[in-house]
Amino acid sequence: MMRKGREWAAARHFIQVLLAKKWTFLLVAVAFLLGRAVILESLMPFAAAYFAVIYFLRRDIYLWVAISLVGGSWFAADPAPMWIAMEIAVLFLFLKGLESYERAELTSAPIVVFAATLLVQLFGVFIGDSLSWYNFMLVVVEAGLSFVLTLVFIQAIPVLTMTKKSASLKNEEIICLMILLASVMTGAVGWVLYGLSAEHVMSRYMLLLFALAGGAPLGASVGVVAGLILSLADYGAIVQMSLLAFAGLLAGLLREGGKMATAFGMLLGTSILSIYVGSQADVMSSTWESVAAATMLMLTPRAMIRTISRYVPGTNEHAKSQHEYARRVREVTADRVTQYSDVFRQLSRSFGQLNKSVTDVKREDEINHFMGAVAQKTCASCHRRDACWEDKFFHTYKMMTDMMTTVEEDRVPRNNKDVPKSWTTHCVKTPLVLSDMQQQYELYKNNMHWKKQIFDSRQLVADQLLGVSQVMEDLAREIKREGQTLHLQEEQIREAVEGLGLSIQGIDIVNLEEGNVDIEVYHTFGKGFDECRKIIAPLLSDILGEHIAVKSEVPPLKSGEPTLVMFGSAKQFEVETGIAGAAKGGDLLSGDSFTMTELGNGKFAVAISDGMGNGERAREESSAALSILQQLLQSGMDEKLAVKSVNSVLLLRSSDEMFATVDLAIVDLYSAQTTFMKIGSTPSFIRRGNEVIPISANNLPIGILQEIDVDIISVQMLPGDTLVMMSDGIYDAPGHAVNKEMWMKRIISELKTEDPQEMADALLERVVRYHEGEIVDDMTVLVARIDKHMPEWASFRWPGISKVERPRTVS
């Protein structure tokens, strides 16, 4: 009874293990079939290889796998459980020995399996009846097959149990999985039910499953591998290799029709070759085996087929899983960036609240504190203290207030005769009080100055943190917008392009937002015809309802690879620029710097900076101001905040009095709305036909004061307008006796050319000639002309092509 109780307890434990582990039963069942599998009539290389891999991957069930392998070999056509048990035992001892020396690793499993199999099989040959070179050769072949199968199982078992986390499988992993499944089928050789061979039904079912999931290439590959291994297990099944390969090819070609079409393709392929090479009985048996496999396919859940397809490269399900993975990564990244944005916004809010609490301090409290400090120093030792601050408190307080007002207005009497009599009659220490009050007022002013500095610094930090938060919030919104699924729009555009007879390799839509379209197309067109600019770009313009142009084209790195062409929204306006300059006295290095750059968000910026003085130091200041400003603007920071940030950086760069002017103009290429920011710079001019419009502002250069006033002027530019910006070396050329603005307007209006570069050269030449060839200061003039953008190729309307529906903007 006790022994039976122990047996029942062991059985219950075994059942609990099977239920607790999801794939335990499958692995144990695979072990039983591999233990029964035999190839080339006498070789059994599967058991040792499978046990070794399971020992490393699933240490918790290796004992049950060993029992299942030995049990499977007991039911083989030529039972050999003793030899299988000996191989497993020797292998187990080898592995334990390696563990004692800390050398037991999965990479060493093939060598250990080879050694264990070779040792056991050589022992069997030596104790056998006959010794021959043929037997020795079979031993080496079986040990070599065990070595190879170990490598195969290392790749295949993680895929079979779905413990591999990769989004796609390598071709080697797919082949290894096929070999494992085909090896399992050899364990079913000899099983017949109602005249149907189990291994034939299982092989055709596997063929249908992979053909439906991966198409013709995968179906044909499964057929070849399964047929080859089955023919090794049964010489009579040699025809199965060609039969299954052809059937897998036909089934994969018809996969678009669903399960029924795939099953029909497999049935057609097996029937044709069966009729060609077999008898009537073989044809009927093969047909019924195919019908049984097709029935199993019909009962297979669609989710299982989609799961397999998700891991096979080239399938639609795999592409969708890749997009889904990329979408999840984008969402996680966007959420993390949003969190950082909230952190910076909260920091900005905390600095702002701290400043607000400082400004809420009432002036009355400051006056009371000031007067208390004076009274504490002067009146503490006075014998009339109680009379003044208790009996005549209001009169004393009024007198002290009048004194403080006098000190603030710098009207302190120079001698005692000028002191008001009302003060001297009330206070016997009036001169001493006034002197102490002047000292305390100086301390008070210094204190207020540093408080103002701290207040301004806090406010600047708060603004900068808020600007960084806004940039990060825009980045998160951009990431989320890029994560939208655009498969439908990609397919619409692909059909439209192919409808014109152009075959493209691929299309990726990055963004479909109006005015910010970004589409990537891969093609293999020949050189010389320029189909992208002449056909595809106008076609996209017609489909999307806005001008689309080729932004860039990346040639292939290797011959035969596709060319990448990037299409984007064509701007409504374009800017043509010209620049001319000269250094003071004809030197090589000018203190002026300039920049002309596209900010990447549909805006174009032109700027001039004039550093204090001339030469290298002035150049460093002006170039530093423009380079920092350009990077901040390109990152998406607000223009006004970017200028203030540059001002704070220049203040901290050096203790010397170095400053620079900034003349900045930002042109919106979609609306031609132009924003001017002028900090200590000379006026700019807009030439519109015969009219010249000045743009000016009055403020100090950056790098002088902690807090600067940034004048923002917005002007609606028109096509054909020309913007002229200049440094003070150009503007101050006529001297103080001449109205500079009128003089410059007249010179600009008299220019006979419309080309920006020619205008810049002409203006510089005119100023140099005005000074009779002498260059009295650094001179820089920048000219920008705004014109309506004309697409290189006009769009056309192709019948039958519908508009692409744009996705909603992510808020």
**Asked** Does Glu598 use its side chain to pair, donor to acceptor, with the backbone of Lys603 at less than 3.5 Å?
**Response** no
Distance col, row Leu267:CG vs Arg204:CZ, nearest 0.5 angstrom, shows 9.0 Å
All heavy atoms of Ala580 vs all of Ala760, minimum pair found to be CB-O, 3.6 Å
With sequence neighbours left out, the residues meeting salt bridge (charged side-chain N to carboxylate O under 4.0 Å, His left out) with Glu495 are none
For Asp518, the side-chain contact (heavy atoms from CB on, under 4.5 Å) test, sequence neighbours excluded, returns Val510, Asn511, Lys551
Across all chains, not counting sequence neighbours, the side-chain contact (heavy atoms from CB on, under 4.5 Å) partners of Ala216 are Leu249, Leu253
Can you find a heavy atom in the side chain of Leu207 that is under 4.5 Å from one in the side chain of Met266?
yes
Notebook entry, point to check: Going through the checks in order, is the side-chain contact (heavy atoms from CB on, under 4.5 Å) test met by Leu212 and Arg302?
Noted result: CA-CA 10 Å; Leu212 183 59; Arg302 193 73 185 177; 3.9 Å; yes
Is there a side-chain contact between Glu765 and Asp761 (heavy atoms, below 4.5 Å)? no
Exactly one of Arg688, Gln716, Arg687, Arg785 clears side-chain hydrogen bond (donor to acceptor under 3.5 Å, both in side chains) with Asp721, and that residue is Arg688
I want to check something: taking the side chain as every heavy atom from C-beta on, are Gln572 and Ser671 in contact at a cut-off of under 4.5 Å? no
- [ ] For the residue pair Thr563 and Glu553, confirm or rule out a side-chain donor-acceptor distance under 3.5 Å.
- [x] no
Apply side-chain contact (heavy atoms from CB on, under 4.5 Å) to Ile579 and Val781, showing your working. CA-CA 6 Å; Ile579 187 74; Val781 56; over 6 Å; no
The reported gap from CD1 in Ile608 to NZ in Lys678 (rounded to nearest 0.5 angstrom) is 8.5 Å
Taking every heavy atom of Val575 against every heavy atom of Ala784, the minimum-distance pair comes out as CG1-CB, 3.9 Å
Notebook entry, point to check: Any luck finding a side-chain donor-acceptor pair between Arg255 and Thr262 under 3.5 Å?
Noted result: no
>> Test side-chain contact (heavy atoms from CB on, under 4.5 Å) on Met717 and Val667; report intermediate values, then the result.
In response: CA-CA 9 Å; Met717 303 285 279; Val667 183; 5.6 Å; no
Applying side-chain hydrogen bond (donor to acceptor under 3.5 Å, both in side chains) to Thr577 and not counting sequence neighbours gives none
Tightest non-hydrogen contact, residues Tyr522 and Pro562, listed as CB-CB, 4.0 Å
dist Phe685:CZ -> Leu723:CG (nearest 0.5 Å) comes out at 11.0 Å
Problem - Beyond-backbone contact of Val692 with Ile686, side-chain heavy atoms, under 4.5 angstrom - result: no
Is there a side-chain contact between Leu718 and Phe573 in this structure, where contact means two heavy atoms from C-beta onward sitting under 4.5 Å apart? no
Exercise for review: Say whether Asp663 and Ser684, considering side chains only, have a donor N or O and an acceptor N or O under 3.5 Å apart.
Suggested key: yes
Val224 and Ala245 have their tightest heavy-atom pair at CG2-CB, 3.6 Å
Closest non-hydrogen contact found for Leu250 with Gly265 is CB-O, 3.5 Å
Find out whether Glu750 and Ile748 are in side-chain contact, i.e. whether some heavy atom of one side chain is under 4.5 Å from a heavy atom of the other.
-> no
Taken to the nearest 0.5 Å, the spacing of Leu254 CG from Leu268 CG works out to 8.5 Å
Quiz prompt | Derivation of the side-chain contact (heavy atoms from CB on, under 4.5 Å) call for Phe676 and Thr674 | solution = CA-CA 7 Å; Phe676 293 90; Thr674 303; 3.7 Å; yes
Residues passing the salt bridge (charged side-chain N to carboxylate O under 4.0 Å, His left out) test with Asp755, sequence neighbours excluded, are none
In this structure, CZ of Phe567 is separated from CD1 of Ile548 (nearest 0.5 Å) by 9.5 Å
Applying side-chain contact (heavy atoms from CB on, under 4.5 Å) to Ile747 and not counting sequence neighbours gives Trp743, Leu763, Arg766
Is there a side-chain contact between Ile695 and Val715 in this structure, where contact means two heavy atoms from C-beta onward sitting under 4.5 Å apart? yes
I'd like to know if the side chain of Thr780 and the backbone of Ser727 have a donor-acceptor N/O pair within less than 3.5 Å. no
d(Ser714 OG, Gln673 CD) to nearest 0.5 Å is 3.5 Å
Do Glu520 and Leu564 come within less than 4.5 Å of each other through their side chains, counting heavy atoms only? yes
Note: Cys532 and Val565 closest approach over all heavy atoms is SG-CG2, 3.7 Å
- request: Please determine, by modelled atom types, if Thr270 and Ser290 share a side-chain donor-acceptor pair under 3.5 angstrom.
  value: yes
If you count the non-hydrogen atoms of other residues, nucleotides and ligands that lie under 6.0 Å from CZ in Phe594, is the total more than 12?
-> no
